[in-house]
Structure formats: structure tokens, C-alpha cells
Amino acid sequence: MHQARSDFLRVMVERGFLHQCTDFEGLDALAATNRVTAYIGFDATADSLHVGSLMQIMILRWLQKTGHKPIVLMGGGTTKIGDPSGRDEARQLLTEETIERNIAGIRRVFDRFLRFGDGPDDAIMVNNAEWLDELRYIPLLRDVGRHFSVNRMLTMDSVRLRLEREQPLSFLEFNYMVLQAYDFVELARRYGCRLQMGGSDQWGNIVMGIELGRRIADLELFGLTTPLITTSSGAKMGKTAQGAVWLNPERLSPYDYYQFWRNTEDPDVGRFLRLFTELPLDEIARLERLEGAEINEAKKILAFEATRLCHGDAAAQAAAETARRTFEEGALGADLPTLVITRAELAARVPLYALLQRTGLATSNSEARRLIQQGGARVNDTVVSDATATLGEESLTSEGVIKLSAGKKRHALVRVT
RNA sequence: GGAGGGGUGGCCGAGUGGCUAAAGGCAGCAGACUGUAAAUCUGCCCGCGUCAGCGUACGUAGGUUCGAAUCCUACCCCCUCCA
């Protein structure tokens, strides 16, 4: 489609990050000759981000790699109010301390992907609470509010779709786009930020920011969005059995993160390699041509590279090695989730279902029992289908552990002290 | 402020006094088939319990009944229309 002159936009196009851009040629010309400062906003509702945000993280990374300056904007101000979307009555308001902690956790994720500092192309993280907290209503209405047309706002997708579906839309939420537009202008003033990026659902908000910048500060700003990413079977990406696929190791171990990518559906492999690894495009083209069982090689590379970016080389090696030993040799991998119990407890015999529950392979004893009855539970790779079975010291392997499995893919170890 | 409609299991959504731990769908788990993929078929899917047992559950709190998700009262929340 587009021929980009700038490294940054060329990467965006070639690797599939670009969905829409407000002025492709203009931005391209700017990025080809100047260092561009760009930002993406993130909520501070959890202490980590999940793969749903990974595209956004990757474009900030590419931005930096191609010589530009990324700003990570934390929505500390907006989070304080609480996102009013949906019909969910129990949205608890986050306290200031929680938000602080969340921002700190998210910062650790970004530290893996970006280089922060004071240099011209070092990334910075800023919190919109810095300016939103101090806004005064009347001045805001006079200076900013008068540039927004309600008629226009009502036609924006985010609002229109809600109204058409007769779903509630609070005034607070209606104002989100005003605040977000204001953020962009504030970042432009403070840091010379010229570009806002985001998911395709942010298009309307981004455009509002650009218009506001032109009206109140005579700024020429740009916007760029990424496509909404789903798996080829249509599922929203980033959900798994246990919940969201988190990017920090306290929430999801590097091994599980590796497994998430390892289990990518065939048709997604090429696309994911382009988006979530930094392998050269010709190498990716080669990998995605693999067919049948051979595509598993490509999935291993995807899993390894994606894990490396997020958790570092050592963790990725360990995860890959554990996966290899567990799946290809049927042996034990050191990285598997491990439960430690005392030798005395084991000697007194422990029900299998209890161990399954305690290792996290089942969420309750009932679920563990069902698992056993359905033939999905294995002890040291032998199926055990008696729901009343107990384990004792005889189950310890020569390595001094018990390997428990739930189905073919989920494994855990029990060790004694 | 007035009138009407509604709050059911992770989500959607049936259910108007016992047969309801609650139809159906989605999501999820396991088995079969495979390539740690997809699709398909089968079983499971509140908790505790070595079965058929018990405990909780249909917005919240009470009440009526031998018996309530279903009836009554109060409260909370949501939606629509009117003012």
C-alpha cells in the first residue's frame, strides 16, 4: 500500500502494525528527517499489562529503535475516576496508593522493552495526573470545552455505538475523549510530542486530540492506530485458561508465557512473528512457509523470541528447555510449577486430588476429582483414574520428585523437604 | 418528580409455587483423533464429601407457605418513556 521513506513507518507497514494514519505522507516526511516524539496511553488499573497491550508496546519499541522518542503515558488521573464503561455496578475506585503500585508494576514491564533515560531518544514515562488533577472546571470549559462540538461527539463510533445499542453512557465517560484530547495537547506543549498511537478503538479520541491541538495551539499533530488483533479463529487475543496472559513474571511465569506462544494456531504464526518478534522479514517468510507438523519449528522460534523480549534471554532459554524436556522427552523440566511438602506429610499419604488442587492443576478438590475420573490425571506419566487414590513416598521418582499432569499439556512437580 | 420494565451460575439467556443446582448457547476442562495447531465427536463444568449425602446459590434484607429463583414488604442498582 504505502511507500514509506522513514524507517519507522516502513517497519509499521511491513510488519503489519498500521491500521489507520491521519496523514501518512506528512508523518512520513516528518519521521524521515526529524526525531519524532510519540506517545501511547495506558490505564493503571492493574499492576501489569497483558498481551492485549503488546502491539502497543512493540510499536513504542520500534519507534525507539528507529531513532525516535517514546512517551509512555500512564492514565493515573483518569484511573482515579474509574472507567465507567459497561454495566458493571461493582467498579471499585482505586486508591492513590494502588494506582502508584500499579504504575510501578507497569514500569517494570516497559523496562524490558524500552530504554528509559534523559537522552534525546530515551523513553520517558509520565502520568496524566500531573495535569489532570489540577484542572479547574470553568477554565477547562472555556479553554477546551468550547472547541468540542457535541453534535460531532455524538457521531463518534465510541458514542454512537453505545447509543444505538441503547447502552448506558455516563457523562463522565462522555468526557473521556475530552480529557484524552487534552492529554495530547499537554504532551505536545511539554515534550514536543507530535504523534499519538493506539489501538483502532482509539481512533476517535486521537482525532479529537489532533483537532484540539490545531485549534488551541496551532499545532500539527498526527495519529496512528494498530489493527485490532484476534486469533484466526476469531477469539480476542490474550485470554487463556487461567485468565489474561500477563507480561510480568510474578503474574505469569516465563514458562507459561512461552507455552502461550508455543500453542499459537497455525494460520497466525507468520503474523505473530512479524508483530511480536524482531526477526528479519525474510526469515519470517521462510518460517511461515513451513507446512504440516514442520510449522511447529516456527512456533518454537516464535515462543522463544517473544519470551526473550519480555523476560530476557536466560528465562527464554530455561522455558524452551523445560518445554523440550517435558514434551519431547517426557522428562521433567525444572521450570514447571512446583509444590513443596514435607516428607512426613507425604509419608502419611496425601490424596491425589488434594495435590492436584494444591499444585494449581485444578482449582478445587471437586474439579480435581472430576479430572481423575475422566482419565485426565497422571502421576509420573501413568494415568490414575481412581478418585480416591492417595500418594506416598513410593511415588517419588529417582530424582526425588512426583510429576503430576492434568491433560497432556499442564504439568507440575511435587518435591519433599 | 411521574409511569413502566428489569436485576438468574465466568458471559449471554430460559424459567412465574414443588419434577430446579436451575433449559439452551458461548467460554472453559478432560477423553478420542492429531503436530503441545485447527476442525470434529464424546464426557464434564457451584463447593465439600470414597457414589445416590450435605452445604450454599437466582440484587440485598425480611415475610407468607409443608415447600419460593418464582408470591408479599422494604431497600439498593440499572433501563425506557414522560415532566
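So that the names make sense, note that chain A is the first sequence line, chain B the second, and so on, each numbered from 1.
Contact annotation for A/Asn365: backbone-only contact, meaning every heavy-atom pair under 4.0 Å involves sugar-phosphate atoms and none involves a base. When heavy atoms are screened at a 4.0 angstrom cut-off, A/Gln259 is found touching base atoms of the nucleic acid. Among the atoms of the strands shown, base atoms are found under 4.0 Å from some heavy atom of A/Ala323. Nucleic acid contact class of A/Tyr258 (heavy atoms, under 4.0 Å, all strands): none. Here A/Ser364 lies in heavy-atom contact (under 4.0 Å) with sugar-phosphate atoms only.
For B/U73, the paired base is B/A61 (Watson-Crick or G-U wobble, both distances below 3.5 Å). Base-pair partner of B/A27: not found among the strands shown (Watson-Crick or G-U wobble, both distances under 3.5 Å). When Watson-Crick and G-U wobble pairs are counted only if both distances are under 3.5 Å, B/U20 pairs with no nucleotide at all. The base-pairing partner of B/G53, taking Watson-Crick or G-U wobble contacts with both distances under 3.5 Å, is B/C48.
Taking the nucleotide of RNA chain B with the nearest heavy atom to each of A/Ala387 and A/Asn296, the more 5' of the two is matched to A/Asn296.
Rounded to an integer number of Å, the gap from CG of A/Leu404 to P of B/A30 is 15 Å. Put simply, CD on A/Glu291 is 18 Å from P on B/A38, counting in whole angstrom units. Per the geometry, CG belonging to A/Asp266 stands 8 Å off C1' belonging to B/G35, to the nearest Å. Atom C1' of nucleotide B/A38 and atom CD1 of A/Ile295 are separated by 11 Å, given to the nearest angstrom. Following rounding to the nearest Å, A/Asn263 (CG) and B/U34 (P) show an atom-to-atom distance of 18 Å. Here B/A32 presents its P atom at 14 Å from NZ of A/Lys409, a figure rounded to the nearest Å.
Comparing B/G47, B/U50, B/G35 against the side chain of A/Arg369 picks out B/U50 as the nearest. Nearest nucleotide to the A/Arg262 side chain, out of B/A37, B/U36, B/U50: B/U36.
Rounded to a whole angstrom, the distance from the C1' atom of B/C46 to that of B/U20 is 14 Å.
In this structure, A/Thr264 does not reach the B/A37 phosphate: none of its side-chain N or O atoms is under 4.0 Å from OP1 or OP2.
Electrostatic pairing of A/Glu265 and A/Arg271 does not count as a salt bridge here, judged by no charged N lying under 4.0 Å from a carboxylate O.
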>> Using a 4.0 Å heavy-atom cut-off to protein, can you give one letter per nucleotide of nucleotides 40-45 of chain B, 5' to 3': B if the base is in contact, S if only the sugar-phosphate is, - if neither?
In response: ---BSS
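Side chain A/Lys408 to base B/U34: a donor-acceptor pair is found below 3.5 Å.
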